[in-house]
Structure formats: C-alpha cells, structure tokens
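Everything on this sheet refers to the single structure shown next.
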Amino acid sequence: MFSIGLTGGIGSGKSAVADLLVERGAWLIDADEVARAVVVPGGPAYGPLVERFGSGILSADLTIDRQALADVAFADEASVAALNAITHPAIGIEMIERQRALAETDALVVLAIPLLRPIHRETMVIDQVVVVDCPIEVAVERLIRYRAFPEADARARIAAQISREERVAEADYVLVNEAGLDELGVAVDALWSWIDDVRSHG
Ligand code: ATP
C-alpha cells in the first residue's frame with residue numbers, strides 16, 4: 001500500500017482530483033463520505049449523538065436530520081466541542097480500518113481529508129501529502145456556478161478556512177487546478193507519474 005493524503009480548500013477541486021485518481025486505479029477513502037457513514041442508524045456516532053443532542057435531531061424515519069443536528073450542534077462552543085468529540089474519533093477509526101484492510105496490498109490509497117492536519121500523519125499512514133490549490137477567485141466562481149452558493153457565503157466559507165499559504169506549507173506536492181477539466185486531467189497524469197516515481201525510488 002502507498003498512501004496519499006489529499007486536501008485542499010473548499011472549491012479547489014479535491015473531489016474532482018480524487019475521481020480522476022480513482023479512474024486511474026486508486027482506492028479512495030473519503031472523509032466526507034465516512035462522516036456520513038458513521039451517523040447512519042447503527043453507525044458508531046449515531047447513538048452518542050442522539051444521547052447528547054436529543055431525539056429532536058431525528059427525522060420520522062429515525063435517520064439523523066443533518067439540518068436539525070447542525071441547528072443544535074452549532075448553537076454554542078460546548079455543543080460544537082461535543083459534536084466533534086463524538087464524530088471525529090468515529091470518522092478517524094473508520095478511516096483507519098478501511099485503510100488497514102488494504103495495508104497488505106499494493107493499492108494506491110487516497111485519503112481525501114478536507115482539513116488535513118499534521119496529527120493525521122501520526123494517526124494514519126500517509127506517505128505523501130498532496131494539496132489541490134487554486135486562486136480564491138477561481139474557488140469563489142466554482143462555488144457560485146456549480147454549488148449555487150451566494151457570493152458572500154462562498155467568500156465567508158473560504159475566509160473561515162486556513163489560508164492557502166498554510167495549506168501549501170504542509171504539501172509534498174501541490175496540484176494547481178485553476179484552468180479547465182482538460183488541464184486538470186493533464187495535471188492528474190503528472191501527479192500519477194510523480195507518485196509512481198516516489199513509490200519506486202522512495
Ligand atoms: P469541497 O471542499 O466543497 O468538497 P472540492 O475541493 O471537493 O470542494 P470539487 O467538488 O472537486 O471541489 O469542485 C468544485 C466544483 O468545481 C465541482 O462542481 C467540480 O466539478 C468543479 N471543478 C473542479 N475543478 C474544475 C476544473 N478544473 N474545471 C471546471 N470545473 C471544475
């Protein structure tokens with residue numbers, strides 16, 4: 001197994017890069033997807049969330065209503081801390097287990113983690129960190145065009161994140177995604193070759 005930690009700001013194109021890596025044969029473990037999986041009924045975070053925030057967060061079909069959860073969980077700092085204390089370890093454990101299942105294979109594993117921090121390099125096997133980067137104006141335009149964000153919301157979400165400089169400082173490889181999808185395909189091919197190189201030469 002060889003593992004890439006893939007990160008980038010909102011609208012940078014992480015998911016697009018992850019999809020192109022999967023097309024080329026990588027295995028994807030996506031923190032956003034795992035975050036959804038751990039809160040389904042029977043998932044490890046489901047019971048603790050209902051216990052902490054009450055049955056008011058449940059829909060009629062007993063699944064967690066994400067908006068209802070957000071309304072109570074983001075109400076104050078203690079609630080946010082409780083939400084994180086329940087969900088973050090559950091997500092981490094699930095990601096580690098999914099990765100462990102591939103440990104003895106020669107898979108290229110892509111761990112897509114929006115908020116990749118140095119701590120992840122200690123808790124998970126991450127051989128190289130790849131940061132997807134684009135100018136803020138490009139990310140804003142994508143969020144408006146493809147995600148129907150109002151411009152002020154797009155800018156507020158970007159401003160709430162760590163800066164491009166801080167993110168890029170953690171990178172072993174920076175993939176610049178500021179043009180179209182054709183150019184992105186070429187950039188992902190270059191990343192693929194770099195991974196091959198690092199894998200074979202250490
Ligand atoms: P988030 O953090 O919100 O999940 P992300 O970094 O995963 O964002 P994507 O979902 O990959 O970003 O990209 C945002 C939008 O921009 C998507 O609709 C995607 O298809 C589009 N997009 C990404 N890169 C390009 C590109 N080079 N050309 C055109 N569209 C792109």
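Whatever order the structure lists ligands and atoms in, that order sets their numbers, starting from 1. Values below: all heavy atoms of this structure, side chains included; hydrogens, waters and symmetry mates excluded.
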To check your reading of the model: name the closest protein heavy atom to [atom], its residue, and the distance in Å.
atom: atom 16 (O) of ligand 1; value: R142 CD, 3.2 Å
atom: atom 13 (O) of ligand 1; value: G13 CA, 3.8 Å
atom: atom 7 (O) of ligand 1; value: S15 OG, 2.6 Å
atom: atom 8 (O) of ligand 1; value: G11 N, 3.2 Å
atom: atom 11 (O) of ligand 1; value: A16 N, 2.9 Å

Within 6.0 Å of [atom1] in [X], more than 12 heavy atoms from elsewhere:
X: R121; atom1: CZ; result: yes
X: R24; atom1: CZ; result: yes
X: I136; atom1: CD1; result: no

Provide the number and element of each atom of ligand 1 under 4.0 Å from a heavy atom of Y146.
-> 15 (C), 16 (O), 18 (O), 21 (C), 29 (C), 30 (N)
When you measure from the heavy atoms of [X] to every atom of ligand 1, does any distance fall below 4.0 Å?
X: G8; value: no
X: G9; value: yes
X: R147; value: yes

Donor-acceptor contact below 3.5 Å, side chain [X] vs main chain [Y]:
X: E141; Y: V138; value: no
X: E122; Y: I119; value: no
X: Q161; Y: I10; value: yes
X: H201; Y: D197; value: yes
X: K14; Y: T7; value: no

Using a 4.0 Å heavy-atom cut-off, say whether [X] meets ligand 1 through its side chain, its backbone, both or neither.
X: N177; result: side chain
X: A179; result: backbone
X: K14; result: both

Decide whether an N or O pair under 3.5 Å exists between G180 and ligand 1.
-> yes
Can you find a protein heavy atom closer to atom 19 (C) of ligand 1 than 4.0 Å?
-> no
Looking only at side chains, do D196 and S193 share a donor and an acceptor under 3.5 Å apart?
-> no
